[in-house]
Amino acid sequence: MKPRSAEALELIDSNRLITDNREDGVRVLSADGEFIGARGAYYGPPVAFARMPKHLVNALVASEDRRFYEHWGLDPRAMARAVWSTLTGRTQGGSTLTQQTIKEIYLKEHSPIVRKLLEEPVLAPILELNLSKEDILFVYFNRVFFGGSAYGIEAAARVYFNKYARNLSILESAMMVGLLPAPNRFNPHRNFQLSRDRGFRVIEQMVDAGYLTRPAADRAKAQNVTMAASKSAWGGFYPRSTQIGWFARWAENEANANSVPSARNGTRTITTTLDLRIQGVAERHMEQALRQHARAKQIEEGAVVVMRYDGAVVALVGGRDYKQKEWDHATQARRQPGSVAKLFVYLAALRAGSTPDTKVSDAALILGGRPVRNFDDRYLGDISLSAALEKSSNTAAVRLTMQNINDIRELIQTLNVGAESEGEAGDLALGTFEAKLVDLTAAFACVANRGRMVVPYSVQRVQDPAGTETLVRVLPARSSVRQTIEPQYADLMRQMLSDVVQRGTGKAADPGFWAAGKTGTTTANRDAWFVGFTEQYVAGVWLGNSDSKPMFGVSGGGLPAQIWRSIVIDAVRSA
């Protein structure tokens with residue numbers, strides 16, 4: 001975008017020039033306002049010229065525009081070389097730092113020949129007339145692309161060295177300046193040796209320009225450089241942990257879905273529902289469990305969702321390693337829920353007039369010519385609904401489903417769990433339809449909050465580049481939230497699910513305080529789940545393989561329940 005003619009004569013606000021026409025991107029903040037990630041273009045906070053190390057400025061001038069303090073925005077000899085290079089299909093610099101600054105803000109998408117012959121020769125001198133040399137460098141350093149999604153020296157310093165720009169050493173500054181001609185090629189996370197060698201070359205240019213003595217240059221080359229671990233993945237930068245990438249992407253998608261395309265320009269700021277403490281807890285316990293058991297039990301992936309009763313997601317882990325796989329097993333993957341689906345079977349039975357003490361047959365059952373097997377291969381005859389849920393009886397669940405199949409289908413659809421719930425009684429009772437972990441967790445949240453509808457969400461508000469709020473989540477009053485399940489039936493279901501944890505298949509999930517939940521395991525141990533809630537949080541855990549290969553001996557009442565227990569204990573401990 002080129003500045004309008006009236007604006008072109010008023011290139012006098014360096015702070016505005018830093019923010020004008022930025023690349024599109026989002027800054028993602030936690031619920032407490034802490035920066036947790038950037039997707040797309042990552043711009044760090046502007047660094048005042050006075051806070052920039054002198055050797056950083058000298059490295060840039062020595063490398064990119066040695067006559068910067070002498071010219072008036074244009075260097076005719078260098079321009080001639082650059083134009084000739086463009087015409088002959090070669091690549092050679094020649095633009096002054098002033099020209100590069102104008103190009104970065106307004107002319108990036110323009111034809112190189114038109115830009116260099118017609119536009120930059122007009123705008124660069126105007127910029128020089130209106131801004132000091134220090135202001136031009138201030139704008140340049142806070143706008144230019146350094147690779148790794150980082151725009152501006154502060155973002156680059158954090159991405160590569162995990163430090164503030166003001167603390168960069170001479171060698172680190174030289175490496176940063178060395179990135180500018182080819183940010184991806186000289187990215188030190190990709191090739192540290194090449195990036196350091198490029199920094200050595202910049203140091204030699206500083207010597208040639210008189211900014212460093214030979215002894216000082218030799219000392220600079222000997223400086224130790226400690227690279228920050230790469231926290232970039234899939235077009236984003238996540239300073240706390242790349243595992244937050246799944247949540248950040250989901251939040252961005254939610255923000256986009258609730259805004260018009262024109263509101264997505266520039267760098268937006270999304271304040272989310274993420275609780276960094278609980279996110280760290282979820283990441284740690286899932287990582288520990290997979291590190292300890294993945295090989296022996298043939299588990300490749302795991303996912304976690306933790307939300308509040310109203311659907312605000314406070315933690316999300318979408319898989320084992322976001323840097324290796326962007327696919328999100330918490331919000332994208334549809335998997336068979338197994339016996340977790342019995343939530344809907346027993347809710348329908350309660351709504352149809354049964355109570356936890358109502359008897360149902362747990363006897364052996366043939367359905368469609370095939371036996372329905374209980375997980376433990378034990379069949380107890382007539383038992384109460386509560387006991388049937390505690391032991392996760394398959395035969396009892398199928399019989400209940402045959403009595404209430406339409407109501408079960410309606411519940412699954414009303415709670416936004418299954419896109420398709422037209423299966424037969426066995427499919428619905430045994431959970432052979434497909435569902436997302438985040439949706440199943442929200443369904444349990446509906447029971448936890450006494451039957452009010454829950455829609456999972458991650459975004460609290462969105463601000464445009466100027467700080468104007470373009471989206472603010474206004475939560476409805478508790479009384480106006482749609483009542484999806486009658487409170488009396490939700491209360492009965494809460495108690496039955498609590499019994500599952502106290503003395504049923506979910507005993508491994510018992511955290512030592514009140515909790516309720518349900519286990520789930522699919523055929524050949526392809527999926528293993530535990531979804532439940534405490535008085536503060538609702539959480540779901542899934543383990544499995546992306547290609548649905550069987551795991552070895554992993555059931556919902558085992559490792560998923562243990563992971564769930566560890567997460568909720570730590571989440572509640574300091575809530």
Side-chain angles (χ1 to χ4, degrees), residues 1-4 7 13 15-46 103-110 139 142-152 154-156 158-159 183 231-240 242 244-274 311-313 316 318 322 326-328 330-332 438 455-475:
M1 174 181 175
K2 183 178 177 181
R4 295 190 298 270
E7 294 172 339
D13 187 344
N15 289 300
R16 174 182 165 185
L17 292 175
I18 288 176
T19 58
D20 263 5
N21 300 327
R22 279 184 169 181
E23 299 292 330
D24 293 345
V26 295
R27 296 176 68 249
V28 186
L29 309 182
S30 71
D32 292 332
E34 183 172 341
F35 173 68
I36 59 173
R39 288 185 52 79
Y42 167 38
Y43 290 89
K103 182 189 80 169
E104 175 66 31
I105 302 170
Y106 293 117
L107 309 177
K108 196 179 297 184
E109 305 300 324
H110 292 205
V139 174
N142 286 293
R143 281 295 302 244
V144 72
F145 180 56
F146 285 91
S149 300
Y151 287 77
E154 188 70 14
R158 294 184 184 185
V159 166
K231 295 296 181 68
S232 297
W234 302 104
F237 171 67
Y238 311 99
R240 303 269 309 201
T242 53
I244 290 176
W246 283 295
F247 180 90
R249 190 188 63 173
W250 187 52
E252 181 185 6
N253 290 339
E254 181 183 332
N256 289 345
N258 289 280
S259 65
V260 297
S262 61
R264 304 174 196 170
N265 297 328
T267 303
R268 293 171 293 155
T269 300
I270 302 175
T271 301
T272 70
T273 57
L274 189 76
V313 175
L316 186 150
Y322 183 69
E326 188 183 20
W327 180 254
D328 185 350
T331 67
Q332 289 180 290
V438 68
V455 177
Y457 70 94
S458 61
V459 175
Q460 295 194 68
R461 65 179 178 274
V462 181
Q463 296 165 285
D464 68 14
T468 303
E469 291 185 335
T470 60
L471 174 65
V472 180
R473 182 176 298 278
V474 179
L475 296 177

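Values below: every heavy atom of this structure, side chains too, minus hydrogens, waters and symmetry copies. Just so it is clear, the model here is predicted, and its values are computed rather than measured.
Applying the side-chain contact (heavy atoms from CB on, under 4.5 Å) criterion to Gln332, with sequence neighbours excluded, gives Arg249, Trp327, Asp328. With sequence neighbours left out, the side-chain contact (heavy atoms from CB on, under 4.5 Å) criterion links Asn15 to Asp13, Phe138. The side chain to side chain donor-acceptor pair (under 3.5 Å) search around Arg22 returns none, not counting sequence neighbours. Judged as a side chain to side chain donor-acceptor pair (under 3.5 Å), and not counting sequence neighbours, the contacts of Tyr322 are Arg39. With sequence neighbours excluded, the residues that form a side-chain contact (heavy atoms from CB on, under 4.5 Å) with Pro183 are Phe145.
The minimum heavy-atom distance between Gly40 and Ser149, with the atom names listed, is O-CB, 3.5 Å. For the residue pair Glu23 and Ala41, the shortest heavy atom distance occurs at CB-CB, 3.6 Å. Pairing each heavy atom of Asn142 with each of Pro45, the nearest pair is OD1-O, 4.2 Å. Summarising the geometry of Ser259 relative to Arg268, their closest heavy-atom pair is OG-NH1, 4.4 Å, with the distance given to 0.1 Å. Between Ala251 and Ser458, the closest heavy-atom pair is CA-OG, 3.3 Å.
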Might you work through the side-chain contact (heavy atoms from CB on, under 4.5 Å) test for Val28 and Glu252, ending with a clear yes or no?
CA-CA 8 Å; Val28 186; Glu252 181 185 6; over 6 Å; no

Evaluate the side-chain contact (heavy atoms from CB on, under 4.5 Å) criterion for residues Thr269 and Phe35: first the C-alpha distance (whole Å), next the side-chain angles of each, then the deciding distance (0.1 Å), finally the verdict.
CA-CA 10 Å; Thr269 300; Phe35 173 68; over 6 Å; no

side-chain contact (heavy atoms from CB on, under 4.5 Å) for Ser232 and Val159? Distances and angles first, verdict last.
CA-CA 8 Å; Ser232 297; Val159 166; 4.2 Å; yes

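The closest side-chain heavy-atom distance from Gln463 to Arg27 is not below 4.5 Å.
Atoms CG and OH, from Leu17 and Tyr106 in turn, are 5.0 Å apart once rounded to the nearest 0.5 Å. To the nearest 0.5 Å, the span separating OG1 on Thr331 from CG on Asn253 amounts to 8.0 Å. Rounding to the nearest 0.5 Å gives a distance of 12.0 Å between CD1 of Ile270 and CZ of Arg461. Residue Thr19 holds its OG1 atom at 10.0 Å from OH of Tyr43, rounded to the nearest 0.5 Å. Rounded to the nearest 0.5 angstrom, Gln460 CD and Leu274 CG are separated by 10.5 Å. Note: Glu34 CD to Thr271 OG1 = 12.5 Å, rounded to the nearest 0.5 Å.
The backbone N or O of Gly266 sits less than 3.5 Å from a side-chain atom of Asp24, completing a donor-acceptor pair. Judged by distance alone, with hydrogens and angles left aside, the side-chain atoms of Thr267 form no donor-acceptor pair with the main-chain N or O of Val26 at under 3.5 Å. Of the possible donor and acceptor atoms, none in the side chain of Tyr42 sits under 3.5 Å from a partner among the backbone N and O of Tyr238. Of the possible donor and acceptor atoms, one in the side chain of Thr273 sits under 3.5 Å from a partner among the backbone N and O of Val313.
Using a 3.5 Å distance cut-off with no hydrogens or angles, the side chains of Arg143 and Asn21 do not pair a donor with an acceptor.
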Please set out all donor-acceptor pairs under 3.5 angstrom arising from side-chain atoms of residues 465-475, sequence neighbours excluded.
from: Thr470; atom 1: OG1; to: Val462; atom 2: O; distance (Å): 3.4
from: Arg473; atom 1: NE; to: Val459; atom 2: O; distance (Å): 2.7
from: Arg473; atom 1: NH2; to: Glu254; atom 2: OE2; distance (Å): 2.4

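By the neighbour-count criterion of 12 heavy atoms within 6.0 Å, atom NZ of Lys231 is densely surrounded, having more than that number from other residues, nucleotides or ligands.
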